[in-house]
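These values consider heavy atoms only, across backbone and side chains, with no hydrogens, waters or symmetry-generated copies.
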Amino acid sequence: MAKNQEATLGNDSITWNRENIEQISGKTVLVIGASGKDRRFVWKTFQDLNIKVVLVDLKENKHLRDIVAVLFKYNYFENSILADESHGDAIIKLLGPTVNQLSACFTFDEYCIHLTSILCQKLGFVGVSPDVALMVQSKQLTYDALRTEPRDYDTNQYSPLSFQIQNVSDISNAKGLSFPAILKPEYGHFSEAVSKVYSIDDCASKFNMLQSTYEKDWDGVGFGSSMVLMEFLPGIVHHIDVIIFQGVLIKALVTDMGPKLPYGFSDTTTCFPTTLPDKLVAEIIQASFNCCRKIGLDNGVFNVEMVVTPNG
């Protein structure tokens, strides 16, 4: 696809036409991680589009046996992400001749992004580079990357002031941060351990409490106990699903998120399509696309969370 192709900024739903379906019908794809029973609608879509799925997952997932074509059980979380290179080689060996039938490799599981990027690289498929995949799994590294020199994309304004917190002594080094602030795990996408903190003492107390509760294992995948302390951004949260291919914005969809649960950060409601004015929708989509490109996300489908504050 030509890089000068005009970006699609609409917020309408994606529809499949006959040409789209013919292009992908009959293809075989490798999926890493089943990502829970709540994703069953995804597998039904594969069936409707006549796409053969080869699944590699930690579990046997009996509920998927009638949906996916081939299911390989493999523990790719052993030794954490440090062993992803070896896991990639092992999975390719496990697949055997099936490798020659594959047209793509991807995942729906955040914790499999790095491994999937390595497999794409080894198999010659379009994807995110392993270095970028490793970086974006860290909230702090992502924020840092957004604040680097502009080059082609100036995204500093979209990155909150934040600090990596690995022990209580790090909290006092968060210079320039005002309270209330947000304390959250550096890795993972769940809101369970996200807390609003009102002072250095309150932050230290909640940091110790969360460390005691979760010990060294966030979400059961061994990502360690590092946290991020960042400025609190008041405003309405919006989720932007961005599709990018070879650096070109193909499609973006904006969803409005409702109020958070009291004393927590779980969303209560969602509204799609967005009710924002068209001009603001275009600005949010452009900002999301710029952030993805700035940190090296040039191919794939990405979910960006942005807050519209009183200042923009």
Side-chain angles (χ1 to χ4, degrees), residues 28-47 51-139 141 185-193 210-211 213-227 300-303:
T28 300
V29 299
L30 174 63
V31 178
I32 308 299
S35 192
K37 293 183 179 180
D38 59 334
R39 296 291 189 269
R40 284 198 69 134
F41 70 92
V42 173
W43 310 108
K44 179 63 166 57
T45 301
F46 282 127
Q47 286 185 313
I51 298 174
K52 180 179 177 181
V53 177
V54 177
L55 174 65
V56 177
D57 193 57
L58 298 168
K59 304 175 182 178
E60 292 186 4
N61 288 295
K62 295 181 180 179
H63 65 285
L64 292 177
R65 286 199 173 277
D66 296 332
I67 300 177
V68 302
V70 184
L71 173 58
F72 292 100
K73 181 182 177 182
Y74 178 80
N75 183 12
Y76 40 73
F77 279 158
E78 188 176 4
N79 296 325
S80 188
I81 58 177
L82 298 176
D84 279 348
E85 188 76 32
S86 298
H87 287 320
D89 291 334
I91 289 173
I92 291 174
K93 183 178 180 180
L94 182 67
L95 294 174
T98 305
V99 167
N100 300 321
Q101 303 172 19
L102 300 176
S103 297
C105 173
F106 52 89
T107 183
F108 304 110
D109 193 332
E110 180 176 346
Y111 300 117
C112 297
I113 292 174
H114 184 242
L115 172 59
T116 302
S117 68
I118 288 176
L119 281 164
C120 284
Q121 188 179 71
K122 290 179 179 294
L123 296 171
F125 296 145
V126 172
V128 175
S129 76
D131 288 344
V132 171
L134 199 58
M135 179 191 70
V136 297
Q137 288 187 292
S138 160
K139 297 181 180 70
L141 291 179
E186 182 174 0
Y187 296 92
H189 59 283
F190 297 110
S191 60
E192 184 177 1
L210 290 168
Q211 296 299 312
T213 301
Y214 292 92
E215 295 181 340
K216 301 295 182 181
D217 203 8
W218 298 105
D219 297 328
V221 294
F223 270 132
S225 57
S226 181
M227 302 195 76
V301 181
F302 312 106
N303 180 262

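- For the atom pair CG (L115) and CZ (F77), the distance works out to 9.0 Å, reported to the nearest 0.5 Å.
- Partner H114 forms a side-chain hydrogen bond (donor to acceptor under 3.5 Å, both in side chains) with one of D131, T107, D84 and no other, that one being D84.
- Of all non-hydrogen atoms in D89 and K122, the two that sit nearest each other are OD1-NZ, 2.8 Å.
- Between I67 and K44, every side-chain heavy-atom pair lies at or beyond the 4.5 Å cut-off.
- Taking the side chain as every heavy atom from C-beta outward, Y74 and H87 approach each other to under 4.5 Å.
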(request) I would like to know whether E186 and S226 meet side-chain hydrogen bond (donor to acceptor under 3.5 Å, both in side chains); could you show each step before the answer? (result) CA-CA 6 Å; E186 182 174 0; S226 181; 2.5 Å; yes
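- V29 places none of its side-chain heavy atoms less than 4.5 Å from the side chain of K52.
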(request) Under the side chain to side chain contact (heavy atoms under 4.5 Å, CB included) rule, what do W43 and L55 come out as? Steps first, then yes or no, please. (result) CA-CA 11 Å; W43 310 108; L55 174 65; 4.0 Å; yes
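- Proximity of E85 to I118: side-chain heavy atoms (C-beta onward) are separated by under 4.5 Å at one or more points.
- Between F108 and F46, the ring planes lie tilted relative to each other; the angle falls in the 30° to 60° range.
- I32 places a side-chain heavy atom less than 4.5 Å from the side chain of L119.
- Minimum interatomic distance between S117 and A133 (heavy atoms only, all atoms of both residues): OG-CB, 3.5 Å.
- For the atom pair L123 CG and N100 CG, the distance stands at 10.0 Å (nearest 0.5 Å).
- Only one option out of I91, L30, D57, V56 pairs with F72 in a side chain to side chain contact (heavy atoms under 4.5 Å, CB included); it is V56.
- The line from CD1 of I113 to CZ of F302 is 8.5 Å long, rounded to the nearest 0.5 Å.
- Between the CZ atom in F125 and the CZ atom in F106 there is a gap of 11.0 Å [rounded to 0.5 Å].
- The shortest side-chain heavy-atom distance between V54 and L95 falls under the 4.5 Å cut-off.
- Summarising the geometry of A83 relative to E78, their closest heavy-atom pair is CB-O, 3.9 Å, with the distance given to 0.1 Å.
- Looking only at side-chain heavy atoms (C-beta outward), C105 and T116 come within less than 4.5 Å of each other.
- In this structure, CD on E110 lies 10.0 Å from CG on N303, to the nearest 0.5 angstrom.
- The two residues L210 and M227 make their nearest non-hydrogen contact at CD1-CE, 3.5 Å.
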